[in-house]
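I have placed the structure first, in the form of structure tokens, so that the comments after it can refer back to it.
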2 protein chains.
Amino acid sequence: MGSQVTLAQVAERAGVSLATASRVVNGSERVVGARFRERVLAAAEELGYTANTFAQAVARGRSDVVGLVVPDIQDPYFSVIAAAAMAVVEPSGEMMLGTTLRRQEQELRYVSTMRARQARAVIMVGSRTTDNTHTRQLAEAIAEFVAGGGRAVVIGQDKLGADTVLPLNRAGAKDLALALVDQGHRSFGILAGPSTLLTAKDRVDGFIDGLARRGRRPSVILHSDFTRDGGYQAMSQLLDRRTTPGCVFAVNDVMAIGAMAAVRERGVKIAVAGFDDIPTLRDVAPSLTTVRLPLEDMGRMAASMAMDEPGERRRVIRVKGEVILRDSTTLVRNA
Amino acid sequence: MGSQVTLAQVAERAGVSLATASRVVNGSERVVGARFRERVLAAAEELGYTANTFAQAVARGRSDVVGLVVPDIQDPYFSVIAAAAMAVVEPSGEMMLGTTLRRQEQELRYVSTMRARQARAVIMVGSRTTDNTHTRQLAEAIAEFVAGGGRAVVIGQDKLGADTVLPLNRAGAKDLALALVDQGHRSFGILAGPSTLLTAKDRVDGFIDGLARRGRRPSVILHSDFTRDGGYQAMSQLLDRRTTPGCVFAVNDVMAIGAMAAVRERGVKIAVAGFDDIPTLRDVAPSLTTVRLPLEDMGRMAASMAMDEPGERRRVIRVKGEVILRDSTTLVRNA
DNA sequence: GTAGGCTGGGAAAGCGGTTTCCACCTAGTA
DNA sequence: TACTAGGTGGAAACCGCTTTCCCAGCCTAC
């Protein structure tokens, strides 16, 4: 029926002032006497009162909204992180979701939206690019957001001056390369993702570095989108070449999955490795060799930092990846 | 820097009243003279003004927040719908995400949260259960939400009195059964999901109905969670039995994927079919027979209804599923 | 020439809360 | 007993913005 029950109605019904009602219903420093407290609670209960969080946000000058900005909620990498972050935020806050569809300028837009909302925090899961102008603008926007009393946490970018959860992409990719060579692989290709994406670049560099330690180098490096379809296309392109490497590293799992689809389609035999260890991998066959990142932990950590009181100095949590060798790179003993 | 620029500051700088400034920065009925308009816009620009959406929501008595409530954002079924809905909402609204972790009472909580927020709309993606008490409570909460001026759209439940996008589960499953029998399958098992979930039940019933039309019936029906792991467990259990059917219908794709994992693990040969046609299926091998639901369309339609002006009468959009036969149920010519 | 209608600006009253004061009452202390 | 301190309730200011009035000036019409 009617519209929203207001605090004023509760106060009236309980026969107390607005101030008292407010103190009871949404706890404050001030203690309210038991008699009054009960009356207010009863009234609130009877009327089915729920606080208007907007009004609270305006009055308090802050809100409990946490903005989560991801490139694509359908990508398992991001949805795992989102789900984990959600679990942390949910008990005491609310989550506003923004997806950039992998367009950088959207990141900027969301940060200012969040500032306008006086969001308590914003968590950005993104990837640093070679576009320094954008990085600088984003860093500025984040600085403003923080100056305005918000908390900013970034996953995967390290140049934004915010609290950060940073996967050690380079080291992980290097370890992977070492492991693959030690497994007996001899020729390598890299599906390198977008050339503008530094996350991808770090992984490529790390991989090349690892190969170099064993006196090898990739015979081919192809760029494409950072998505399943990007992996598929790049691998198809690679398979069109005269000679193909025996082992291909795709810089993330979704690309690797796309690459495997291309491989399967052509009925060729080629080893594929990915990066991230998204849960989806449990069900791809052959099982995919990858570098495991603790995605859930990353989401949780980011959200925890976001919910913390701001004020302390910048924190950077580095998470390292663990090489997981599986069937997709198992070398058949022959030839 | 410092904190937020307020409209009052803009007005002062432009040398106009608050009212005029307000009218300029977010267009109202009232026209503002060109001279003043320019001055205000310039001032807003210089100061980097962004409207405080909370304050706007309080003043206007409504907001542009659309709440999206899903059981699990990691499940591809929901993330596809979420992404599609997001694309529709994003240009003119903001999306608040709620995940229930498949716990019903959470649905209720979110609906009232959204009411408190005076959200413009709430989109619930859920599934009707046998818990009539809950269904009734939810319907009441939704009715209140709507009475308060909000718009409610539900995907997959038909008893809530809200605008609805309703997959024809029963018909789809029936068609699937017919197709499978016609393909030559003779003995069937069903991984039926939770017995309390009516979506699952509808699919089971439809499938049984289809079989019946061909004079057959399932030899075994097992219940489990509606998740990948649920499918895995149920299939494992099924495979432990003395005799196993030649073809198993899992009531959704993620369960089917889990089931296939179990099948693969044991190295047995058994046909598996799912329901939904989530995008993930592109990369499972063997490719999975399923009933395709236009998930993106469903998300878009729901979001469109949510963004519409409320007021017209209840709309129910039924979407039907299309049987897609793939390798997982291809019968090898032998025996 | 003047009444009546537009136009467009500003003052101020909300919107639903929170929070700062201030007042009052009851103890506690010397 | 007088005075102070602490605890607790209420009035009112305030958060940032929208919107209703009110009013001044100007144009048109008779």
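Residue numbering restarts at 1 for every chain, and letters A, B, ... go by the order of the sequence lines.
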When we call it a touch if two heavy atoms are under 4.0 Å apart, what does [X] touch: a base, just sugar-phosphate, or nothing?
| X | result |
| --- | --- |
| B:V58 | base |
| A:T6 | sugar-phosphate |
| A:G61 | nothing |

Kindly point out which of [options] is positioned nearest to the side chain of [X]?
| X | options | result |
| --- | --- | --- |
| A:A19 | D:dA12, C:dG10, C:dC15 | D:dA12 |
| A:T20 | D:dG9, C:dA11, C:dT18 | D:dG9 |
| B:L18 | C:dG9, D:dC17, D:dG10 | D:dC17 |
| B:V16 | C:dC15, C:dT18, C:dG10 | C:dG10 |

**Fill in**
Atom CZ of A:R23 and atom C1' of D:dT8 are separated, to the nearest Å, by 8 Å
**Message:** Whole angstroms only, please: what is the CD-P distance between A:Q118 and C:dG17?
**Reply:** 18 Å
**N/O donor-acceptor pair under 3.5 Å between A:T164 side chain and A:L166 backbone** = no
**Asked** Checking A:T6 side chain against A:A8 main chain: does a donor-acceptor pair fall under 3.5 Å?
**Response** yes
**Item:** A:T129 and A:Q104: side chain donor to acceptor below 3.5 Å
**Value:** yes
**Item:** Check: A:Q74/A:S79 side-chain N/O donor and acceptor closer than 3.5 Å
**Value:** no
**Asked** Can you find an N or O donor on one side and an acceptor on the other, under 3.5 Å apart, linking the side chain of B:R60 with the base of C:dG14?
**Response** no
**Request:** Find which nucleotide of DNA chain C each of B:V32 and A:S22 is nearest to by heavy atoms, and output the residue with the more 5' nucleotide.
**Result:** B:V32
**Message:** If the threshold is 4.0 Å, N to carboxylate O, is there a salt bridge linking A:D75 and A:R102?
**Reply:** yes
**Asked** Can a salt bridge be assigned to the pair A:R315 and A:D308 using a cut-off of 4.0 Å between side-chain N and carboxylate O?
**Response** yes
**Prompt:** Which ones in residues 37-56 of chain B lie close to DNA chain D, meaning a heavy atom under 4.0 Å from one of its atoms?
**Reply:** B:Y49, B:A51, B:N52, B:A55, B:Q56
**Prompt:** If we only count heavy atoms from C-beta on, is the A:V70 to A:T100 side-chain gap below 4.5 Å?
**Reply:** no
